[in-house]
**Student:** 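Here's a structure for you.
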Amino acid sequence: MFALVLLLAIFVLAVLARSIRVVQQFETGIVFRLGRIQSNVRGPGVHLVAPVIDRMQKVNMQIVTMGIPAQEGITRDNVSVRVDAVVYFRVIDPIKAVVNVQNYLFAVSQVAQTSLRSVIGQSELDQLLSDRDELNSRLKSVIDEPTEGPWGVRIERVEIKDVALPEGMKRSMSRQAEAERERRARIITADGEFQASKRLAAAAREMSSDPAALQLRLLQTVVEVAAEKNSTLVMPLPVEMLRFFDRMAPDAPKSGAAPAEPEPTEEDAVEEVPAIEPQTAVPGLSGLPGTPDGVDRAPTVQSPVWDRDTR
């Protein structure tokens, strides 16, 4: 009799142990009664279920952090890259997460990998390197579309961790960045020289109006050079002293200068007319070749001579 009571007590304790279920604060309990899911979801606390008829399955409602393995792909501008990311998600509907998908963790991982490869193929290299926010939002929407509605899993955030480039592409990008920096440096240097030349021209115009300003600027330069005390400074003759000597010197012709030429007179202005020698024409030989003087001359026409008595 005692043994029977003991066995009955052990059986009752075993049934109570299988009937009591404790649900943690970050979990949600789903009860299956004879294989059919119950609509009422059990919250955190202690719950009693039928030992043989009911079966409870707990679903974690915390945010799950899952790393997406590195995926190799070719961008839209034909550059081979290797990209890895991380996805943050949580279950918002435990019934769909248990009933509609067999293992929602593995399913989300596979969807994230395929979506990452798709986004890589639709993007360019510059977008992968500089426009991460837009790519993260696009990747989040692509992964969240098939998971939130049918599976009851919401994608909270997607982050691209690293983009691995080939070594040749890295060298090309480094040369491009170096050339861009050199171009900016040259532009800044040229702009500074242009502004300095304008300032120097304005300062020269201001100092040219007062000769003392030039002397003061010279003295200021001498003070700046003498501050280092590592060289010998030779002071030139002041400009003002040279101008003083120039004003005190008498007006005298410079040595070695050529004497002034006398002014021309009226007699010198008259040009001498050269005498013209008369040419005597020889009758009968003029105009014929082989003349004694060796010059061929044209025949000369002689005017008739009239005798005054005859006329």
Side-chain angles (χ1 to χ4, degrees), residues 21 23-45 47 49 54-166 169:
R21 291 290 185 269
V23 179
Q24 302 293 332
Q25 182 67 36
F26 54 87
E27 294 177 338
T28 298
I30 300 174
V31 178
F32 290 89
R33 179 166 296 171
L34 296 177
R36 184 182 295 276
I37 194 169
Q38 301 297 312
S39 58
N40 54 342
V41 179
R42 309 298 174 88
H47 301 278
V49 295
D54 295 343
R55 182 176 63 87
M56 178 179 288
Q57 184 173 349
K58 301 175 183 178
V59 180
N60 193 340
M61 304 297 292
Q62 291 177 322
I63 294 179
V64 180
T65 303
M66 178 181 294
I68 303 176
Q71 302 296 315
E72 294 184 357
I74 300 177
T75 61
R76 194 167 59 181
D77 50 353
N78 300 325
V79 178
S80 299
V81 294
R82 184 180 179 88
V83 182
D84 56 349
V86 59
V87 58
Y88 304 89
F89 64 92
R90 65 184 181 89
V91 178
I92 59 175
D93 193 342
I95 295 178
K96 289 183 179 181
V98 173
V99 176
N100 295 346
V101 60
Q102 183 178 4
N103 187 354
Y104 67 89
L105 296 175
F106 180 75
V108 171
S109 175
Q110 296 299 314
V111 171
Q113 294 180 30
T114 55
S115 301
L116 181 59
R117 286 194 295 268
S118 177
V119 170
I120 291 174
Q122 298 174 0
S123 305
E124 296 183 356
L125 180 61
D126 294 338
Q127 294 179 350
L128 288 174
L129 297 177
S130 60
D131 202 0
R132 294 286 184 90
D133 294 337
E134 182 181 355
L135 289 178
N136 292 337
S137 61
R138 188 195 307 178
L139 189 60
K140 175 181 176 299
S141 61
V142 171
I143 300 175
D144 191 63
E145 183 178 358
T147 57
E148 183 174 359
W151 300 347
V153 178
R154 176 178 296 173
I155 306 299
E156 297 291 340
R157 190 178 181 86
V158 180
E159 291 286 344
I160 295 177
K161 293 197 300 183
D162 187 22
V163 178
L165 299 176
M169 181 58 64

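Reckoned from all heavy atoms, side chains included, excluding hydrogens, waters and symmetry mates.
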**Student:** Are any of the side-chain heavy atoms of Arg42 and Val49 separated by less than 4.5 Å?
**Tutor:**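 Yes, their side chains come closer than 4.5 Å.
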
**Student:** Dump the intermediate steps for side chain to side chain contact (heavy atoms under 4.5 Å, CB included) on Val23 and Met56, then the final yes or no.
**Tutor:** CA-CA 10 Å; Val23 179; Met56 178 179 288; 3.9 Å; yes

**Student:** Quick one: CD1 on Ile63 to CZ on Arg154, what's the gap to the nearest 0.5 Å?
**Tutor:**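 The CZ atom of Arg154 is 10.5 Å from CD1 of Ile63, to the nearest 0.5 Å.
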
**Student:** Write down the atom of Ala112, the atom of Ile68, and the distance for their closest heavy-atom approach.
**Tutor:**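 Scanning both residues completely, I find the closest heavy atoms to be CB-CD1, 3.4 Å.
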
**Student:** Is the backbone of Val111 close enough, under 3.5 Å, to the side chain of Thr114 for a donor and an acceptor to pair up by distance?
**Tutor:**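 A pair under 3.5 Å: yes.
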
**Student:** Any chance you could lay out the side chain to side chain contact (heavy atoms under 4.5 Å, CB included) test for Leu125 and Met169, step after step, and finish with the verdict?
**Tutor:** CA-CA 11 Å; Leu125 180 61; Met169 181 58 64; 4.1 Å; yes

**Student:** Is there a side-chain contact between Leu135 and Ser123 in this structure, where contact means two heavy atoms from C-beta onward sitting under 4.5 Å apart?
**Tutor:**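 The answer is yes; the side chains approach within 4.5 Å.
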
**Student:** Which distance, rounded to the nearest 0.5 Å, do you find between the CD1 of Ile160 and the CG of Leu139?
**Tutor:**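 Separation between the atoms: 6.0 Å.
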
**Student:** Quick one: salt bridge (Lys or Arg N to Asp or Glu O under 4.0 Å) pairs with a partner in residues 114-131, sequence neighbours left out?
**Tutor:**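 Every pair satisfying salt bridge (Lys or Arg N to Asp or Glu O under 4.0 Å) with a residue in residues 114-131: Arg76-Glu124.
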
**Student:** Provide the closest heavy-atom pair for Val108 versus Trp151 in the form atom of the first, atom of the second, distance.
**Tutor:**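 Heavy atoms of Val108 and Trp151 come nearest at N-CZ3, 4.2 Å.
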
**Student:** Among Val153, Val119, Ile155, find the one that has a side chain to side chain contact (heavy atoms under 4.5 Å, CB included) with Ile143.
**Tutor:**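 For Ile143, the side chain to side chain contact (heavy atoms under 4.5 Å, CB included) test succeeds with only one of Val153, Val119, Ile155, which is Ile155.
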
**Student:** So, does Asp162 use its side chain to make a donor-acceptor pair with the main chain of Asp84 at under 3.5 Å?
**Tutor:**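 No, because the side chain of Asp162 does not come within donor-acceptor range (under 3.5 Å) of the backbone of Asp84.
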
**Student:** Which distance, rounded to the nearest 0.5 Å, do you find between the CD of Gln38 and the CG of Asp54?
**Tutor:**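 Taking CD in Gln38 and CG in Asp54, the distance rounds to 6.5 Å.
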
**Student:** When the side chains of residues 100-107 are checked against the rest of the protein, which donor-acceptor pairs come out under 3.5 Å, sequence neighbours left out?
**Tutor:**
from: Asn100; atom 1: ND2; to: Pro150; atom 2: O; distance (Å): 2.7
from: Asn103; atom 1: OD1; to: Leu105; atom 2: N; distance (Å): 3.4

**Student:** Counting only heavy atoms not in Gln25, do more than 12 sit closer than 6.0 Å to its CD atom?
**Tutor:**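 At most 12 heavy atoms, drawn from other residues, nucleotides or ligands, come within 6.0 Å of this atom.
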
**Student:** When rounded to the nearest 0.5 angstrom, what is the spacing between NZ in Lys58 and CD1 in Ile30?
**Tutor:**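 The CD1 atom of Ile30 is 12.5 Å from NZ of Lys58, to the nearest 0.5 Å.
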
**Student:** Could you measure the distance from the CZ atom of Arg132 to the NZ atom of Lys161? Nearest 0.5 Å is fine.
**Tutor:**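 So the CZ of Arg132 and the NZ of Lys161 are separated by 12.0 Å.
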
**Student:** Please list all pairs passing the salt bridge (Lys or Arg N to Asp or Glu O under 4.0 Å) test where one or both residues lie in residues 87-104, with sequence neighbours left out.
**Tutor:**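 Only Arg90-Glu156 qualify under salt bridge (Lys or Arg N to Asp or Glu O under 4.0 Å).
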
**Student:** Could you pull out the closest heavy-atom pair between Ile74 and Ser80, with the gap in Å?
**Tutor:**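 Result for this residue pair: CG1-OG, 4.1 Å.
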
**Student:** Would you say Ile92 has more than 12 foreign heavy atoms packed within less than 6.0 Å of its CD1?
**Tutor:**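 More than 12 heavy atoms, drawn from other residues, nucleotides or ligands, come within 6.0 Å of this atom.
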
**Student:** What's the separation between atom OG in Ser115 and atom CD in Gln71, rounded to the nearest 0.5 Å?
**Tutor:**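 The OG atom of Ser115 sits 10.5 Å away from the CD atom of Gln71.
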
**Student:** Can you name the nearest heavy-atom pair linking Pro94 to Thr28, along with the distance?
**Tutor:**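 That closest heavy-atom pairing would be CG-CG2, 4.0 Å.
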
**Student:** Does CZ in Arg157 sit with more than 12 non-hydrogen atoms of other residues, nucleotides or ligands closer than 6.0 Å?
**Tutor:**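 Counting other residues, nucleotides and ligands, CZ of Arg157 stays at 12 neighbours or fewer.
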
**Student:** Do Val81 and Leu165 make a side-chain contact, defined as non-hydrogen atoms from C-beta onward lying under 4.5 Å apart?
**Tutor:**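 Yes. Closest side-chain heavy atoms under 4.5 Å.
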
**Student:** Of all heavy-atom pairs between Ser141 and Arg138, which one has the smallest distance, and what is that distance?
**Tutor:**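 Looking at all heavy atoms of both residues, the closest pair is OG-O, 2.7 Å.
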
